[in-house]
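Worksheet: the structure to be examined is printed underneath.
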2 protein chains.
Amino acid sequence: MPDTSPSVQDYLKAIYRLTRDGRQAATNRLAAALGVAPASVTGMLKRLASEQPPLVVYRRRRGATLTPAGERIALATLRRHRLLELFLVRVLGYGWDEVHEEAERLEHAISARMEARIARLLGEPAFDPHGHPIPAPDLTLPLSRAVPLAQAAAGVRGRIVSVSDADPAVLRRLSALGLLPGVGFTVVQRTAGDNLAYLRVEGSAEAVVIGPALAEAIFVELDT
Amino acid sequence: MPDTSPSVQDYLKAIYRLTRDGRQAATNRLAAALGVAPASVTGMLKRLASEQPPLVVYRRRRGATLTPAGERIALATLRRHRLLELFLVRVLGYGWDEVHEEAERLEHAISARMEARIARLLGEPAFDPHGHPIPAPDLTLPLSRAVPLAQAAAGVRGRIVSVSDADPAVLRRLSALGLLPGVGFTVVQRTAGDNLAYLRVEGSAEAVVIGPALAEAIFVELDT
DNA sequence: ACCTCAATTTAGGCTGGCCTAAATTTTACC
DNA sequence: GGTAAAATTTAGGCCAGCCTAAATTGAGGT
């Protein structure tokens, strides 16, 4: 349990993520993501929907989506989060598996001025240390053709673009395997039954075995 | 009115400041400092006094002082605040009159790890950009013999050590007058009636007139 | 079509921290 | 030493956001 209640921004960010696939954000999944009871989510969604202007569109028993105003806030928060992650790595020497929590707290505390100064110091970057796109100041997202590794067929070559940043343990495992953003690889083999991927990392002779969970956490750009 | 309620740390910091002169922190002054009603302060002081361990010693109608535990928290918060101020100036190029508010929010959001990394990056500094002492990691304060300018007699020479950081407008006025930490000066004259100080800044021919309010905001080290 | 069950919402309640107004105590002055 | 003013505390409420338990509803299997 997080020691503090999720903020409005946390709700919007969570809806943004659960909504990326075009579907509605379900009460239960929001509750799980935010560490509160489902009943609390219902209450908050009603509040956010009746804000002026409304931040979410809420349909009873069907879930929620963001309005343009809500999406702006979500993207602005995402921008701050990812800028901070990069800042922590580049300026304060954090490991890439240590930045998520810290950024999670800082993103609520920094001013627009500080956001701008950090971005300038970092050279207006477009991607964070995990390879995730950083929304521009106008909140547009830089393009990337990344796809979960789970969708890569055997024989294909590609490059790792980003990895999910939610779980530090996963990040450390990836690090240990040498699977960082930028690394090239070939998919040697896929097994249908247990859904394993055998990856040969560029420059290394050995193949690495990736389970289904990891394969969902690694995003890659595939060669055409 | 601040847009958010003061935190426990804010209460402790305020008590710390009001208590520096050895007296008790009065309810009214705390209320003014924190932007809440006096009745709210009474309630919070009771809570802080019954915390385990107690953070303040509260005596009905007499005010509050910090317990050792409370003072540790106050000093730790002060350390974070002043480290952040220096960090903002040195790393992000803030003006020294712009850092207070930002640090006020950030001091509640950074982890011990981040505090340590910032301190390391800055070379374990002992004073912030306003000249205020930064508590060491063990929370001891570096010594300084600073005294408010208001207490300097005519004819005395000295050096500005620090200035109060609470009011950006004051900071800008001081800046404009060339009254920054480190600057040497001579007190040319004092007037008893309206309590003015005439200061000749080292290297300049003109004297500067300082009113009583400013004279309380400037801390100086006097030559023996 | 129905029925079960998982998901969701409603109802009711709690806590923390704020507020105002009224009561009380201290202080300070004559 | 008495009293008016100032400071402080008490009393009583409000609000946001959380919780649990109970009621409702939609959806998939048969």
Side-chain angles (χ1 to χ4, degrees), chain A residues 1-15 17-19 21-66 70 73 77 104-105 108, chain B residues 1-15 17-19 21-66 70 73 77 104-105 108:
Chain A
M1 60 200 72
D3 60 348
T4 185
S5 288
S7 64
V8 166
Q9 283 98 326
D10 294 329
Y11 274 90
L12 296 176
K13 272 200 315 179
I15 296 168
R17 251 184 280 120
L18 293 180
T19 252
D21 58 5
R23 297 190 305 168
Q24 311 252 318
T27 303
N28 255 7
R29 304 199 57 192
L30 281 172
L34 295 165
V36 299
S40 306
V41 171
T42 300
M44 182 59 76
L45 290 180
K46 285 186 185 170
R47 187 201 128 184
L48 295 177
S50 63
E51 206 86 338
Q52 214 45 250
L55 302 178
V56 310
V57 176
Y58 168 58
R59 280 122 117 192
R60 269 169 105 252
R61 291 175 201 275
R62 323 200 88 197
T65 49
L66 296 177
I73 295 175
T77 307
E104 199 67 30
R105 265 173 292 110
H108 301 304
Chain B
M1 59 202 72
D3 60 349
T4 184
S5 289
S7 64
V8 167
Q9 283 98 326
D10 294 330
Y11 273 91
L12 297 176
K13 274 199 313 179
I15 296 169
R17 251 184 280 121
L18 293 179
T19 254
D21 58 6
R23 296 190 304 168
Q24 310 252 318
T27 303
N28 254 7
R29 306 199 57 194
L30 281 172
L34 295 166
V36 299
S40 307
V41 172
T42 301
M44 182 58 76
L45 289 181
K46 284 184 186 171
R47 186 198 129 186
L48 295 177
S50 62
E51 205 87 335
Q52 215 44 253
L55 301 178
V56 311
V57 176
Y58 169 57
R59 280 121 118 194
R60 268 168 106 251
R61 290 175 202 275
R62 323 200 88 198
T65 49
L66 295 177
I73 294 175
T77 308
E104 199 67 31
R105 266 173 292 111
H108 301 304

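As a basis for the values below, the full set of heavy atoms in this structure was taken, side chains included, without hydrogen atoms, waters or symmetry mates. Protein chains get the first letters and strands the later ones, always in sequence-line order, with residue 1 at the start of each.
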Counting primed atoms plus P, OP1 and OP2 as sugar-phosphate and everything else as base, spell out the protein contacts along nucleotides 3-8 of chain C at 4.0 Å heavy-atom distance: B, S or - for each nucleotide, 5' to 3'.
----SB
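Nearest heavy atom pair, residue B/A14 against residue B/L34, reads CB-CD2, 4.1 Å. Here the closest heavy-atom approach between residue B/Y11 and residue B/S40 is recorded as OH-O, 4.1 Å.
Each of D/dG17, C/dC18, D/dA21 was ranked by its minimum atom distance to the side chain of A/A39; first place goes to D/dA21.
Taking atom CG of B/L45 as the reference point, atom C1' of C/dG17 lies 13 Å away to the nearest angstrom. One interatomic measurement links the two molecules: CD of B/Q24 to P of D/dT9, which rounds to 11 Å at whole-angstrom precision. For the pair B/M44 CE and D/dT10 P, the interatomic distance rounds to 16 Å; values are reported in whole Å. Distance B/D10 CG to C/dC18 P: 10 Å, rounded to the nearest Å.
Remark: A/S40 is in phosphate contact with D/dC19, judged by side-chain N or O atoms under 4.0 Å from OP1 or OP2. Neither OP1 nor OP2 of D/dT9 sits under 4.0 Å from any side-chain N or O of B/K46.
Contact of the A/L12 side chain with the A/V56 side chain is registered, since non-hydrogen atoms from C-beta on lie closer than 4.5 Å. Two residues are said to be in side-chain contact when any heavy atoms from C-beta on lie closer than 4.5 Å; B/L30 and B/L45 meet this criterion. Residues B/D10 and B/E104 are in side-chain contact: their nearest non-hydrogen atoms beyond the backbone lie under 4.5 Å apart.
When the shell of 6.0 Å around CZ of B/R29 is examined, it contains 12 or fewer heavy atoms from other residues, nucleotides or ligands.
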